[in-house]
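The model shown is predicted, which means the values in this text are computed figures rather than measured ones. Atoms within a ligand are numbered from 1 in the order they appear, just like the ligands themselves.
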Amino acid sequence: MADNSKQVHLNNEQNQRFNLITRSLHEVLGADIVKQKISTGEQLKCYWGTAPTGRPHVGYFVPLVKIADFLRAGVEVKVLMADIHAFLDNLKAPFELVQDRVKYYTKLLRSIFISLDVPVDNLIFVVGSSYQLTPQYSMDSYRLAAMTTEHDAKKAGAEVVKQVSSPLLSGMLYPGLQALDEEHLGCDFQFGGVDQRKIFVMAESLLPKLGYAKRAHLMNAMVPGLAGGKMSSSDPNSKIDFLDSAADVKKKIKLAFCEEGNVQENGLLAFLKAVVLPIAAYKQLIKGASPFAAQDAANDFLFSVTRPERFGGSLHYKDYDKIEHDFSTKALHPGDLKKAVEDAINTLLDPIRKDFEADEEFKAVEKAAYPPPIDPAAAAKEAKKAKNEAKKNKTKASAATFQQQSVDSVADQVERVEIPKQ
Ligand SMILES: N[C@@H](Cc1ccc(O)cc1)C(=O)O
């Protein structure tokens, strides 16, 4: 994309920092803003926001691995828990429930960062409502409302805000308020998925109109679901939850579309490329070995597919391209790929599951954030059981009361219960 700002020259070391910050991204808008900050040696600051609505799935690994790069490059990273945004997005959840989800997201994200060996002490967690209710923020939101047309607001939110037949005003405020967050969180760039692009573009034109600096925007690609094609929130089998058991993972991987030789529509390959290999490279860098490669090969390779000798023996990989190549030439069979990805996902999830199991607060927070859905049939069964239980207890209690009385009178009671009415 054309950038009109003047060229900034960086020395070697500064260039390396810039490359680490921007590598493996889908798109960068306003690269010169980042370069400028690097060249002056000032502290570079960014933020990544998430609206705590549905349960996070393993696709969240993508932005989190990138955040590891930012931290290594010495960028200050804020993680925004956008609670008010979660509420504004068609009331995906009532505000009280969103508060429980903020707690769950915070616990979970910390646990994931720790599992990735990303130093959590260098991250700043911010809850949106902690600053979005101040007079200054409120006045800014009125100012932006006075300079944003309905058309532009709808367009900006089209890929992020849930699209409904009677759009609410709240959903139209959402993109502008996300733009405002850049100013109020004091960042140099905002990081997010490429699905945020329209909001980012709006922010670039809106902030200068409000008298604030235009920020840069760094975007990661979206990962498709395991089912292949677009990630579908309505299909739970296309998504793996961070707390899914090994059996759940097995089931979902088994169901994943993975056609021999087809590398175009393959959620497993996409996941390897966007999540497993970057994490493998990061771990190899800081720990000296990849957790996804066979033990005797982990220092040199990032990923292994274990196969018996009679099927050609194990395969070891240093990069994604070779995996894709082997799959396309059918040297790597879907069954073997599935097993290797299943193992990799379990390796990724194990420390998080353990953390969850060992932490009572984490469990309570999860339950409050995602109470089990009320199934009318199950609820009726439950109520009937409770009623019977109460009846039994009542009979027991009555029996206890009557125990001083004659055996006859107790027998009477039982008889009355047992004889059906004509
Ligand atoms: N729009 C982001 C959440 C978000 C909200 C506010 C922000 O300032 C930043 C990000 C999402 O889709 O999850």
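- Assignment of W48 to the shell around ligand 1 is not supported, since no heavy atom sits closer than 4.0 Å.
- The shortest N or O to N or O distance between D181 and ligand 1 is under 3.5 Å.
- Within the structure, the closest approach of E182 to ligand 1 does not fall below 4.0 Å when heavy atoms are considered.
- We find the OH-OH distance between Y60 and Y105 to be 4.0 Å, quoted to the nearest 0.5 Å.
- Results of the side-chain contact (heavy atoms from CB on, under 4.5 Å) test with D181 over V126, I84, L80 single out L80 as the only residue that passes.
- Between F356 and F362, the ring center distance clears the sub-6.0 Å criterion.
- For the atom pair CG of L177 and OG of S141, the computed distance is 5.5 Å after rounding to the nearest 0.5 Å.
- In terms of polar-atom proximity, defined here as any N/O pair under 3.5 Å, Q178 does make such a contact with ligand 1.
- Heavy-atom proximity to atom 13 (O) of ligand 1, evaluated over G157, A86, A51, P63, is greatest for A51.
- Among all heavy-atom pairs drawn from W48 and G192, the shortest one is CD1-CA, 4.2 Å.
- Between Q196 and ligand 1, an N or O atom pair is found at a separation short of 3.5 Å.
- Comparing Y47, Y174, F191 against atom 3 (C) of ligand 1, the shortest heavy-atom distance belongs to Y174.
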